[in-house]
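Being a predicted model, the structure only gives us computed values, none of them experimental.
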Amino acid sequence: MKIKSYTQVFSGDYPFSIDMERSLISILEKYPDKQNRSTNVVATMTEWQITHPQIEKFKKYIFNEIARCYPKMVEACTSRQLKPEAADFWANIYNKGDYTHSHNHYPSNFSIVYFLKSKWYYTPLVFDDSGKKIRPKQGRYVIFPGHINHHVPRHRFKEKRITLSSNVVFPNPNFQLKPPVSI
């Protein structure tokens, strides 16, 4: 699998994307807005902690990709017996006119964006400092350090653009995750 790197940003294609699409797109296309557009994402959002068997499979895959793409950081954390956790995992459903303000996910170690439903010409994920744009491709994931500012310009198309997002941390043993909501 080919991985593209922009300094500290990595992207690749998830090998089980078809299963993910079949399981989640129909659920998320009609999902109600649980955040009431009160975040940086001016679009429909799920709860902060969603889960599904396909999401759990994806998390395991992404944790392995993080270890492959950022070996020194992961080695430093695992040597202290810290294991990666998805502190949050949510979906963003963009309708025509929706967008995301510039923001970052600090203090999360890593952020993940996964293009669940998209066309290559839909609105990209843009990294503010470098100006690099990641063109959406259904089944593509993007991994980047949580402190990097990014945004999504206005979605200009009638068909929905759906992404999954996550904040990955290497928590200390006292870290408490919120209970997930099954979708």
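- Note that the CZ atom of R22 and the OG atom of S17 stand 9.5 Å from one another [nearest 0.5 Å].
- Interatomic distance, R68 CZ to I62 CD1, rounded to the nearest 0.5 Å: 10.0 Å.
- Looking only at side-chain heavy atoms (C-beta outward), M20 and L164 come within less than 4.5 Å of each other.
- Geometric assessment of K57 against the ring of F16 yields a positive cation-pi assignment under the 6.0 Å and 45° thresholds.
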task = Test D98 against R161 for salt bridge (charged side-chain N to carboxylate O under 4.0 Å, His left out), laying out the working first.
result = CA-CA 10 Å; D98 291 346; R161 173 190 186 272; over 6 Å; no
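- At a cut-off of 3.5 Å, with distance as the only test, no side-chain donor of Y114 or S166 sits close to an acceptor on the other residue.
- The backbone N or O of I50 sits nowhere less than 3.5 Å from a side-chain atom of H52 that would complete a donor-acceptor pair.
- With hydrogens and angles ignored, the 3.5 Å screen pairs a side-chain donor or acceptor of Q49 with a backbone N or O of A87.
- In plain terms, the two heavy atoms of P153 and V126 that are nearest each other are CD-CG2, 3.9 Å.
- The heavy-atom pair separating T46 from K34 by the smallest distance is C-CB, 3.7 Å.
- Side chains of R140 and I134 form a contact here, defined as non-hydrogen atoms less than 4.5 Å apart.
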task = Any chance you could lay out the side-chain contact (heavy atoms from CB on, under 4.5 Å) test for I55 and I183, step after step, and finish with the verdict?
result = CA-CA 10 Å; I55 289 172; I183 60 169; 4.2 Å; yes
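- Side chains of I112 and F89 form no contact here, defined as non-hydrogen atoms less than 4.5 Å apart.
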task = Dump the intermediate steps for side-chain contact (heavy atoms from CB on, under 4.5 Å) on Y122 and E159, then the final yes or no.
result = CA-CA 10 Å; Y122 281 7; E159 194 172 331; 3.0 Å; yes
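- Residues S102 and N40 come closest through the heavy atom pair O-OD1, 4.5 Å.
- Classification of the H150-F144 ring pair by plane angle, with boundaries at 30° and 60°, yields perpendicular.
- When hydrophobic clusters are built by joining Ile, Leu, Val, Met, Phe, Trp and Tyr residues whose side-chain heavy atoms come closer than 4.5 Å, directly or via intermediates, V113 is not grouped with Y106.
- The number of heavy-atom neighbours closer than 6.0 Å to CZ of R37, taken from other residues, nucleotides and ligands shown, is above 12.
- What you find for D33 and Q35 is that their closest heavy atoms are OD1-N, 3.1 Å.
- In this structure, the separation between OG1 on T100 and OH on Y94 is 2.5 Å, given to the nearest 0.5 Å.
- Rounding to the nearest 0.5 Å gives a distance of 6.0 Å between OG1 of T123 and NE2 of H155.
- Counting only heavy atoms from C-beta outward, the side chains of H151 and Y99 never approach each other to under 4.5 Å.
- Each of I93 and F157 belongs to its own hydrophobic cluster when Ile, Leu, Val, Met, Phe, Trp and Tyr are linked at side-chain heavy-atom distances under 4.5 angstrom.
- Note on ring orientation: taking the six-membered ring where Trp is involved, the planes of Y61 and Y14 are perpendicular (angle over 60°, cut-offs 30° and 60°).
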request  = Decide yes or no on side-chain contact (heavy atoms from CB on, under 4.5 Å) for N167 and W90, but give the supporting numbers first.
outcome  = CA-CA 9 Å; N167 291 318; W90 69 98; 3.7 Å; yes
ask   = Step by step, would you call V142 with F115 a side-chain contact (heavy atoms from CB on, under 4.5 Å)?
value = CA-CA 9 Å; V142 184; F115 296 101; 4.0 Å; yes
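- Follow the hydrophobic side-chain contacts under 4.5 Å out from W120 and you never reach L125; the two are in separate clusters.
- The CD atom of E85 sits 12.5 Å away from atom OG of S108, with the distance rounded to the nearest 0.5 Å.
- In this structure, NZ on K117 lies 10.0 Å from OG on S26, to the nearest 0.5 angstrom.
- The shortest side-chain heavy-atom distance between H103 and N149 does not fall under the 4.5 Å cut-off.
- The two residues I162 and E29 make their nearest non-hydrogen contact at CD1-CG, 3.8 Å.
- Both V41 and W48 belong to a common hydrophobic cluster when Ile, Leu, Val, Met, Phe, Trp and Tyr are linked at side-chain heavy-atom distances under 4.5 angstrom.
- No side-chain heavy atom of D129 sits less than 4.5 Å from a side-chain heavy atom of I148.
- Between the side chain of N109 and the main chain of F170, a donor-acceptor pair closer than 3.5 Å is present.
- Residues Y31 and T44 approach most closely at O-CG2, 3.5 Å, considering heavy atoms.
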